[in-house]
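Written below as structure tokens is the structure these notes are about.
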Amino acid sequence: MADFLAVDLGATSGRIAIGRFDGKAITLEIAHRFTHEVIIEGAVRRWDWTHIYNEVITGITIAKRKSDPVSIAFDSWAVDYGFIDQSGALLEPVISYRDSRTDTSYPETLHRLGKETIYNATGIQFLPFNTIYQLVAARESDQYRSASNFLLLPDLLNYLFTGIRSTEITNASTTQLLNAATRSWDEDLISSTNLRRDLFTELHEPGTVIGPIKGHGELDGLTVVATASHDTASAIAGTPLGDPNSEAYISSGTWSLVGVETHSPITNQRAMSANLTNELGAAGTVRLLKNVTGMWLLEECRRTWLTEGRSFSIPELLALAEEQTLFLTTIDPNDPVFIAPEKMPDRIRSWCLARKLQPPTTPAEFTRCILNSLAIAYKETLDKIMEISGRRITSIHILGGGSQIRLLNQLTANACGVPVTAGPVEATLYGNIAVQVISAGLLPNLVAARAAITESFLGEIFLPARR
């Protein structure tokens, strides 16, 4: 039995897990969970990084006391970063991608460089919070001028625990500053956006040994290994795809990431027009996908209702939505109006009224509207991916926390007309651990790792309803 530790940070919570590989299957034990929220300082939205870091240390300590780990690896959400100065200090708390600072830098950069130039090099979906636009927005700040490097969040944790500064390639691809074909920083884009080249560190691939933990007491000596550090890259590595050529995935959570696994990027005009992204994955793969706003919509509705004195759990809302079979209004979950937090029910209501659609009025109707809309968005996205990639999708894997929403799974199967397999819920942790197991030489490749994950869980299958 070999033990490995995984730290997975999501945009609202984090967890630290022990993965145990017995030569055939990977099993998971969650050692620690915690929640975190964006904090507002002045007009800036930031992550509560001190809280996150302290909880990570707490979780690793708990996990290490319960195991004998070979290594540990970190993954997190994409695009956000921290500035490190010459002395190695974090210059400011990490700014959230939901901050408004890119409202100006995003359109200005697109106008100056042109979408074709950016997309031909990177193959990355245009989103206003991509790191390229965050860095452009930061250029006039004192922190930017004082920084020695910027580090994406998993790499920031690597550095804080080991002192090693480098950037893992799957997360680097989400910055829209990495060349998808060469898997290296795109020098022309860095130059044309007037970004400091010295801020960029060397790149490393998943499976690279970073180094031992230092300066953390009883944690010292534990080997840090780079996993596919973008949480979606880990999730797809942890998805038991039998035939990647005919199977699609939906990583379902705050965001829904809908796509297929390929071995080379597709950066032609049709892919750009569809706003598909070519994010890099483990074992030299490419994740051809599109970001679809996910359970963020319902999470924000719940937050608004709570401020109004109405408290609902997700299971309560889903049970209510099950009864709303006749409410058929759908929205476009990718409309930019739904990116910002707060007052989500009002945003949805206004969107419907502006299009002369019947707006939802009750929490049950809002929930049904959101779930119906996500299922339709999944179908439209997969139809476009099939058209551009030339593939025929015969089944879908839904993974992550959203895979537990049976109503959404069934609506997706109905909309797409193919079977849907739910799970694993903890695909990101499975993928994080799988890359470490391969790095340790206990499995030969990603195919074998996925076979081990298949041994570890039984996914529920949802068949499309007959029409």
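Every heavy atom of this structure was used, including side-chain atoms; hydrogens, water molecules and symmetry mates were not.
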query = Any salt bridge between Glu300 and Arg303, counting N to O under 4.0 Å?
reply = yes

Are [X] and [Y] packed together at the side-chain level, in the sense that at least one heavy-atom pair is separated by less than 4.5 angstrom?
| X | Y | result |
| --- | --- | --- |
| Gln176 | Tyr133 | yes |
| Pro333 | Leu374 | yes |
| Leu280 | Leu178 | yes |
| Arg98 | Val38 | no |
| Asp75 | Asp8 | yes |
| Leu317 | Trp305 | yes |
| Tyr249 | Leu399 | yes |
| Cys416 | Ile396 | yes |

Under the criterion side chain to side chain contact (heavy atoms under 4.5 Å, CB included), which of [options] is the partner of [X]?
| X | options | answer |
| --- | --- | --- |
| Lys379 | Leu382, Asp383, Thr381 | Asp383 |
| Val260 | Leu288, Leu241, Ile236 | Leu288 |
| Ser373 | Asp332, Thr330, Leu297 | Thr330 |

What pair of heavy atoms forms the shortest contact from [X] to [Y], and how long is it?
| X | Y | result |
| --- | --- | --- |
| Ser105 | Thr102 | OG-CA, 3.2 Å |
| Pro419 | Thr394 | CD-O, 3.4 Å |
| Thr131 | Val79 | OG1-O, 2.8 Å |
| Pro464 | Ala413 | CB-O, 3.2 Å |
| Ala415 | Ile376 | CB-CD1, 4.4 Å |
| Asp231 | Leu9 | OD2-O, 3.9 Å |

Could you tell me whether the side chains of [X] and [Y] share a donor-acceptor contact shorter than 3.5 Å?
| X | Y | value |
| --- | --- | --- |
| Asn130 | Gln125 | no |
| His397 | Thr239 | no |
| Tyr430 | Ser456 | no |
| Ser403 | Ser252 | no |

ask   = For Arg355, does the CZ atom have more than 12 heavy-atom neighbours from other residues, nucleotides or ligands under 6.0 Å away?
value = yes

query = Is Asp243 atom CG crowded by more than 12 heavy atoms from other residues, nucleotides or ligands, each under 6.0 Å away?
reply =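 Result for CG/Asp243: enclosed.
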
ask   = When you look at Arg45 and Glu342, which way does the salt bridge (Lys or Arg N to Asp or Glu O under 4.0 Å) test go after all the steps?
value = CA-CA 13 Å; Arg45 294 181 180 276; Glu342 301 177 356; 3.7 Å; yes

inquiry  = Run the salt bridge (Lys or Arg N to Asp or Glu O under 4.0 Å) test on Lys384 and Glu387 for me, step by step, so that the C-alpha distance in whole Å, both residues' side-chain angles and the decisive distance to 0.1 Å come before the verdict.
reply    = CA-CA 5 Å; Lys384 185 60 67 173; Glu387 174 191 333; 3.4 Å; yes

Donor-acceptor under 3.5 Å (Glu168 side chain, Ala228 main chain) =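 Checking the backbone N and O of Ala228 against the side chain of Glu168, no donor-acceptor pair under 3.5 Å is found.
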
Polar side-chain atom of Gln404 near backbone of Gly401 as donor-acceptor pair, under 3.5 Å =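 Pair found, side chain donor or acceptor close to backbone of Gly401.
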
key: Gap separating the CD1 atom of Ile60 from the CD1 atom of Ile16, nearest 0.5 angstrom   = 6.5 Å

ask   = Between Trp351 and Arg347, is there a cation-pi geometry (under 6.0 Å to ring centre, at most 45° from the normal)?
value =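 No, cation not above the ring by the 6.0 Å, 45° rule.
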
inquiry  = Tell me if the centroids of the rings in Tyr53 and Phe161 come within less than 6.0 Å of each other.
reply    = yes

request  = Taking the six-membered ring for Trp and the single ring otherwise, decide whether the centroids of His230 and Trp255 are under 6.0 Å apart.
outcome  =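 Ring centroids of His230 and Trp255 are no less than 6.0 Å from each other.
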
request  = Check the pair Arg310 / Glu316 against salt bridge (Lys or Arg N to Asp or Glu O under 4.0 Å), numbers first and verdict last.
outcome  = CA-CA 12 Å; Arg310 297 186 291 170; Glu316 288 173 337; over 6 Å; no

inquiry  = Run Arg368 and Glu365 through salt bridge (Lys or Arg N to Asp or Glu O under 4.0 Å) and show every step you take.
reply    = CA-CA 5 Å; Arg368 187 76 186 204; Glu365 290 181 349; over 6 Å; no

request  = Under the ring-ring contact (aromatic ring centres under 6.0 Å, His included) rule, collect the residues that match up with Phe150, sequence neighbours excluded.
outcome  = Tyr81, Phe200

